[in-house]
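Okay, structure first, notes after.
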Amino acid sequence: MSDRSYRFTHAVTRRPSASIIRGLRAVDTGNPDLALMQRHHADYIAALKAAGAEVIELEALDAYPDSVFVEDTALCLPQGAVIMRPGAPSRLGEAAEMAPVLERLYSTVRRIEGEDSFIEGGDILVTEREILVGRSARTNAEGVAELARLVADWGHKVRELHTPPGVLHFKTDCSLMDAETVLSTDRLAASGCFRDYRVIPVAAGEEASANAIRFNDSLLFPAGFPRTRDRLVDAGYAVTEIGNSECAKIDGGMSCLSLRFTPS
Ligand code: GLY
């Protein structure tokens, strides 16, 4: 089994902007503290570097409050990158900001272009054998279909699924741990979408820890979820905990904060 879904050489991040206080959120639990978010972001970048990443750190974009969540702007695959069309109107312009960055790194960059197509990277889980895409309030059937057409000649099979109701993104509730294993909430796994994978369940009450990232031999995991962390450590993963309290206030997690890839 190959390991291209979690072994990478590069990551792209974007610094949080002061406009982060206007970041989208499902439930208002208070504004993120920018200074604390910046410290967490620095820890996150240090952890990626320690895992072997060359990290391209982009400047903050004041015009886009949610632009620290770069994952939603593109899908990076071994054969090339695909620029997304975010379904949140305030985020649509973020994708165009990412395109030239990826064009410098990849020889092939494709785009979701259909006027009716919407898709965000947070709804996409790439495994060794398939690309799982959850339809959500941000990702529609047209977006999934256009992505499937764009990556077919690269040999990728797209499987369309449904993000649980009330959950922002598909990957809010799951993460790839290795070629055979996902971390998942029970509410998502109950749909049967991971029946061909080994599933490590997130501990009850710790659903907010389902979004983590495997990068080479490291697992970046949000701090504050000890029972799920212990399950991952017991399963043999090298867990690095990163503070996520401020991103969590605007529904962001570990995967949202970077694009991870090996340029081609
Ligand atoms: N605040 C992250 C998002 O709604 O996209």
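In listed order, ligands and their atoms are each counted from 1. Keep in mind that this is a model prediction, so the values were computed, not measured. Every heavy atom of this structure was used, including side-chain atoms; hydrogens, water molecules and symmetry mates were not.
Under the 4.0 Å criterion applied to side-chain N and carboxylate O atoms, Glu71 and Arg260 are assigned as salt-bridge partners. Using a 4.0 Å cut-off between charged side-chain N and carboxylate O, Glu59 and Arg14 make no salt bridge.
Applying the ring-ring contact (aromatic ring centres under 6.0 Å, His included) rule to Phe8 yields the partners Phe215; only residues at least two apart in sequence or on another chain are considered. Scanning for ring-ring contact (aromatic ring centres under 6.0 Å, His included) contacts around Phe225 gives an empty result, with sequence neighbours left out.
Residue pairs satisfying the salt bridge (charged side-chain N to carboxylate O under 4.0 Å, His left out) criterion with at least one member in residues 240-258, sequence neighbours excluded, are listed as follows: Arg229-Glu241, Glu246-Lys249.
Annotation: cation-pi geometry not satisfied between Arg22 and Tyr64 (NZ/CZ under 6.0 angstrom from ring centroid, within 45° of ring axis).
At a 4.0 Å heavy-atom cut-off, the residues surrounding ligand 1 are Leu24, Asp66, Phe69, Arg91, Arg138, Leu168, Ile250, listed by chain and number.
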